[in-house]
Protein chains: 2
Amino acid sequence: MPTARKPPDFLNGVPELIVLRLLSQKPMYGYELIQAIQVATSRNFAFGEGCIYPVLHRLEADGALNGRRETVQGRSRIVYRVTAKGRGRLEQSAVAWKRSVEVIQAILSEGNRASPAMA
Amino acid sequence: MPTARKPPDFLNGVPELIVLRLLSQKPMYGYELIQAIQVATSRNFAFGEGCIYPVLHRLEADGALNGRRETVQGRSRIVYRVTAKGRGRLEQSAVAWKRSVEVIQAILSEGNRASPAMA
DNA sequence: TTGGTATGCCTCGGAGAGTGAGGTATAAGG
DNA sequence: CCTTATACCTCACTCTCCGAGGCATACCAA
């Protein structure tokens, strides 16, 4: 029995959703964002730089984000802001996410009378 | 604007969760299961054979499923049943799934006063 | 008989996401 | 001066999933 496969993953594309959402609340630079994600998820998620930076670049290339280089106290950062297009994308992604979650939750609770669980 | 990246995916490892759950409700063979998933998800998901069969094999190798060849009317099938170990795995995965979903939903609705949304 | 369709299993190649480790550069502090 | 923290980036690897293909049998029709 060699397997094990690591702790269950789930998720996919979720980093993008979170990035879009957090940046829509407040513009941030990459390094800051990576730590903000950990805080916002109470350490439940911790996406690495190798995950977030590419997401940032892709979103910017798609016009969903607008990155601007700023230098503060000798520290050079690239602050990202969500564009109008990005907000649309966030909107859509959030809706798709919720639909998927509902579908799965329906399957998981099917036949589970006596456990209200879901609000 | 070359991108597009397909409709948002999300999910990952979800097929396994669904397989475990559906099989725990009723033993099925692969082909049947694949169609059951489409029905159960109202066509929202449609995992292909190239996804499901490997999942089945892996779960069996892990001892979470027990596959038994049965021949009915000349048709040979491999019916999978969830083992005790498999139920444990389902339990764990379901819990992990819910936690993840809650975390993400919290971020998505954060600061959205005036929209109760969550129950 | 021959052929098409449905059942039922399987696997391979490829695309993308995410991890972990690495590499660069500057600033602050001992 | 050297380490640590900040701040960016990228590459190699693994894993998942999709799409397409292959195999074999059963049934039905021409």
Side-chain angles (χ1 to χ4, degrees), chain A residues 2-20 27-38 41 44-62 65 67-80 93 97 100 104, chain B residues 2-20 27-38 41 44-62 65 67-80 93 97 100 104:
Chain A
T3 332
R5 170 147 275 76
K6 290 194 202 173
D9 312 342
F10 312 120
L11 345 207
N12 197 27
V14 162
E16 179 182 303
L17 182 61
I18 294 181
V19 164
L20 239 19
M28 287 186 265
Y29 51 97
Y31 202 81
E32 184 185 9
L33 177 60
I34 288 167
Q35 302 184 104
I37 291 176
Q38 294 183 38
T41 63
N44 275 284
F45 301 155
F47 301 112
E49 306 189 357
C51 170
I52 298 305
Y53 282 120
V55 165
L56 251 15
H57 299 331
R58 201 182 63 217
L59 285 175
E60 182 172 31
D62 289 356
L65 292 183
R68 185 182 317 178
R69 183 142 228 139
E70 295 180 7
T71 300
V72 177
Q73 220 178 319
R75 245 98 203 27
S76 174
R77 305 156 174 174
I78 302 177
V79 176
Y80 291 93
S93 295
W97 160 259
S100 296
I104 295 171
Chain B
T3 333
R5 169 146 279 77
K6 290 197 202 170
D9 323 339
F10 312 119
L11 343 207
N12 198 25
V14 162
E16 180 181 304
L17 182 62
I18 294 181
V19 163
L20 239 19
M28 285 187 265
Y29 50 96
Y31 202 80
E32 183 185 12
L33 178 60
I34 288 166
Q35 303 183 102
I37 291 176
Q38 293 182 40
T41 63
N44 275 285
F45 301 154
F47 301 112
E49 305 189 358
C51 170
I52 298 305
Y53 281 119
V55 165
L56 251 14
H57 299 156
R58 202 183 62 216
L59 286 174
E60 183 173 31
D62 289 355
L65 292 183
R68 185 182 315 179
R69 184 143 225 140
E70 295 181 7
T71 301
V72 177
Q73 223 179 315
R75 242 106 207 20
S76 174
R77 305 155 173 173
I78 302 176
V79 176
Y80 291 93
S93 295
W97 161 259
S100 296
I104 295 170

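Note that this is a predicted model, so its numbers are computed, not measured. In what follows, chains carry the letters A, B, and so on, assigned in the order in which the sequence lines appear, proteins first and then strands, with residues in each chain numbered from 1.
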Could you check how far CD1 of B/I78 sits from C1' of C/dC10, rounded to whole Å?
-> 9 Å
Can you label the angle between the B/F47 ring and the B/F45 ring as parallel, tilted or perpendicular, going by 30° and 60°?
-> tilted
Would one find a side-chain N or O of A/Y53 under 4.0 angstrom from OP1 or OP2 of D/dC8?
-> yes
Could you check if a side-chain atom of A/I37 sits within less than 4.5 angstrom of a side-chain atom of A/I52, using non-hydrogen atoms only?
-> yes
A/E60 side chain reached by A/Y80 side chain, heavy atoms, under 4.5 Å | yes
Rounded to whole angstrom units, what separation is found between the NE2 atom of A/H57 and the P atom of C/dG16?
-> 18 Å
Nucleotide C/dG18, atom P - distance to CD1 of A/I52 in whole Å | 8 Å
Which nucleotide in D/dC8, C/dC10, C/dT19 has an atom nearest any side-chain atom of B/E49 = C/dC10
Within the pair B/Y31 and C/dC9, is there a side-chain N or O less than 4.0 Å away from OP1 or OP2?
-> no
Could you give the CD-to-P distance, from A/E16 to C/dA17, as a whole number of Å?
-> 8 Å
Where the side chain of A/F47 is defined as all heavy atoms beyond and including C-beta, which of C/dC10, C/dG18, D/dC17 is the nearest nucleotide?
-> C/dG18
Separation of B/L56 atom CG from C/dC10 atom P, in whole Å?
-> 8 Å
Identify which nucleotide among D/dA7, C/dC9, D/dC9 has an atom closest to any side-chain atom of B/R77, counting heavy atoms from C-beta outward.
-> C/dC9
In whole angstroms, how far is the P atom of D/dC18 from the CD atom of B/Q38?
-> 11 Å
Hey, does A/G50 reach any base, or is it just sugar-phosphate, or nothing, if we go heavy atoms under 4.0 Å?
-> base
Return no unless some side-chain N or O of A/Y29 is found under 4.0 Å from OP1 or OP2 of D/dC8.
-> no
Classify the nucleic acid contact of A/G74 as base, sugar-phosphate or nothing, counting any heavy atom under 4.0 Å across all strands shown.
-> sugar-phosphate
Counting side-chain heavy atoms from CB outward, which of D/dT16, D/dG21, C/dA28 is closest to B/R58?
-> D/dT16
A/P15 or A/R75: which one's nearest nucleotide on DNA chain C is closer to the 5' end?
-> A/P15
Test: B/R58 and B/E16 ion pair at under 4.0 Å = yes
Measure from the side chain of A/Q73, starting at C-beta and using heavy atoms only, and say which of C/dA28, C/dC9, D/dA7 lies closest.
-> C/dA28
What integer distance in Å separates A/M28:CE from D/dA7:P?
-> 13 Å
Protein-nucleotide distance (B/I34, atom CD1; C/dC9, atom P), rounded to Å = 8 Å
For the residue pair A/L33 and A/L56, establish whether any side-chain heavy-atom pair is separated by less than 4.5 Å.
-> yes
